[in-house]
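Report on the following structure.
Each ligand, and each atom within it, is numbered from 1 in the order the structure gives. Numbering of residues begins at 1 and proceeds along the displayed sequence. No experiment lies behind these values; they were computed from the predicted model shown.
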Amino acid sequence: MSSREERLETTLIHASTRGDFEQKTGVVNVPIYLSSTFHQESFDDFGPYDYSRSGNPTRDALEKSIAALEGGARGLAFASGIAAISSAFMLLSSGDHIVITEDVYGGTYRFVTQVLTKFGITHTFADFTNAKDVAIAIQPNTKLLYIETPANPLLGITDIEQIVELAKANDCLTFLDNTFMTPLYQRPLDLGVDVVLHSATKFLSGHSDIIAGLAVTKDEELGNRLAFIQNSFGAILGAQDSYTLIQGIKTMGARLVQSTEAAQKITSYLDSHPLVEEVFYPGLASHPGHAIHAKQSTSPGAVLSFRLPNRETAKAFVESVQIPVFAVSLGGVESILSHPAQMSHAAMPKAEREKRGITDGLLRFSVGLEHVDDLIADFDQALAIANKNLIANN
Ligand SMILES: *Cc1c(COP(=O)(O)O)cnc(C)c1O
């Protein structure tokens, strides 16, 4: 059965063993091929593998899985999400210009502003929730529109088809960071995007145990060019981590569905709490991108953000919650609370950050697999303490 006919929940389980492995041995788990090099049977004809930077059977199984899940021609696995993202940027050349979402992940911001500029690749930030703002930023040498939707950490929504249309009219590529949605909830290549990027460190692996990145190209030609960069730059994912990621992907369907259901309950709780100034979640009808998100994705996902009045209230809240871990990252089985101003967006200057709504009272919450009632009860007692703290300081 092709991946087109079956539902993604099924592909998640079986994609990794649908290659040679299954036919040869019947394994239900892909073996971890710990071999840097491969013996060649003949002097002139080399086999499918020669050296593990260029190709490894375990990584291959993962790369084929993510390509099937995203509906792309070629999948590639990297040592981190940022390795996948920076390698994809290497498809560009000196003199090229990028239009990139101003809500971009902090590490991508750092790479574009501090590394790419050294190689003569320039950029303009634009508000991707407004296609007109993107259109204005396009220059004659613009070669790429870079999308992140929902974006980090305010869950801003970009209309994918509108940006793709704009890119096609201007001869630009489109890249999309699909980390928050995963292919289960959003398939950007189906909407015309050229390259989908993932921090597989997050929901795809799901257990906060590995750092990994994935890229999927819509067509074969771009896939071959990116595979060339993967081999030349060398930021590949190792066989052991490839295996761990394959296993994580198998349970992602069940994990995401449960976490998303809980996220919806937590958002309504937060939305009605008097201390919470604003809740950012594409599932809320009041979210400015709600309708667009519903058009291009099948679920609002398991990440939300909320604004407390100031740094002190946020600090009191974080110091009072007992269940979530307070950490960088998202998408784990454990709920993860983070403080974007000091974590994911620490690389962004304070003025720039605040202009984008990332204030000191903003907290991001990635919902894990704990019982939702326990999470809400924990939030409730912590918000009560934060509230007392606010009253005491006023
Ligand atoms: C974490 C993250 C990245 C970076 O991925 P790493 O695996 O940490 O290198 C990129 N984009 C988004 C949206 C992320 O959340």
Looking only at atom types and distance, does a side-chain atom of Q240 sit under 3.5 Å from a main-chain N or O of I32, one as donor and one as acceptor?
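A pair under 3.5 Å: no.
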Check: A294 main-chain N/O paired with S297 side-chain donor or acceptor under 3.5 Å:
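Not confirmed, S297 side chain does not pair with A294 backbone.
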What's the verdict on side-chain hydrogen bond (donor to acceptor under 3.5 Å, both in side chains) for T179 and Y105, showing C-alpha distance, side-chain angles and the deciding distance?
CA-CA 10 Å; T179 299; Y105 173 74; over 6 Å; no
Would you call E312 and K315 a salt bridge, taking side-chain N to carboxylate O under 4.0 Å as the test?
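Not counted as a salt bridge, because no side-chain N and carboxylate O are separated by less than 4.0 Å.
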Would you call K168 and D194 a salt bridge, using N to O less than 4.0 angstrom?
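Salt bridge: no.
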For [atom], what is the nearest protein heavy atom, given as residue, atom name and distance?
{"atom": "atom 4 (C) of ligand 1", "value": "Y105 CE2, 3.4 Å"}
{"atom": "atom 2 (C) of ligand 1", "value": "K202 NZ, 2.5 Å"}
{"atom": "atom 12 (C) of ligand 1", "value": "D177 OD2, 3.4 Å"}
{"atom": "atom 6 (P) of ligand 1", "value": "G81 N, 3.3 Å"}
{"atom": "atom 7 (O) of ligand 1", "value": "T201 OG1, 2.6 Å"}

Measure up the F89 and F175 rings against each other and bin them: parallel (under 30°), tilted (30 to 60°), perpendicular (over 60°).
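Ring orientation of F89 relative to F175: tilted.
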F379 and F306 aromatic ring geometry - parallel, tilted or perpendicular at 30°/60° bounds
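Tilted: the ring planes of F306 and F379 meet at 30° to 60°.
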Relative to the heavy atoms of [X], which atoms of ligand 1 are at a distance of less than 4.0 Å?
{"X": "E148", "result": "13 (C)"}
{"X": "S80", "result": "7 (O), 9 (O)"}
{"X": "I85", "result": "10 (C)"}
{"X": "A212", "result": "7 (O)"}

Linked hydrophobic residues, I211 as query - side chain contacts closer than 4.5 Å
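Listed partners: none, I211 stands alone.
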Heavy-atom side-chain proximity of L116 to I98 below 4.5 angstrom
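L116 reaches I98 side chain to side chain.
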Any heavy atom of A84 sitting closer than 4.0 Å to ligand 1?
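Heavy atoms of A84 never come under 4.0 Å of ligand 1.
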Would you mind telling me if ligand 1 is within reach of the side chain of [X], the backbone, both or neither, using heavy atoms under 4.0 Å?
{"X": "T108", "answer": "neither"}
{"X": "S344", "answer": "neither"}
{"X": "I82", "answer": "both"}

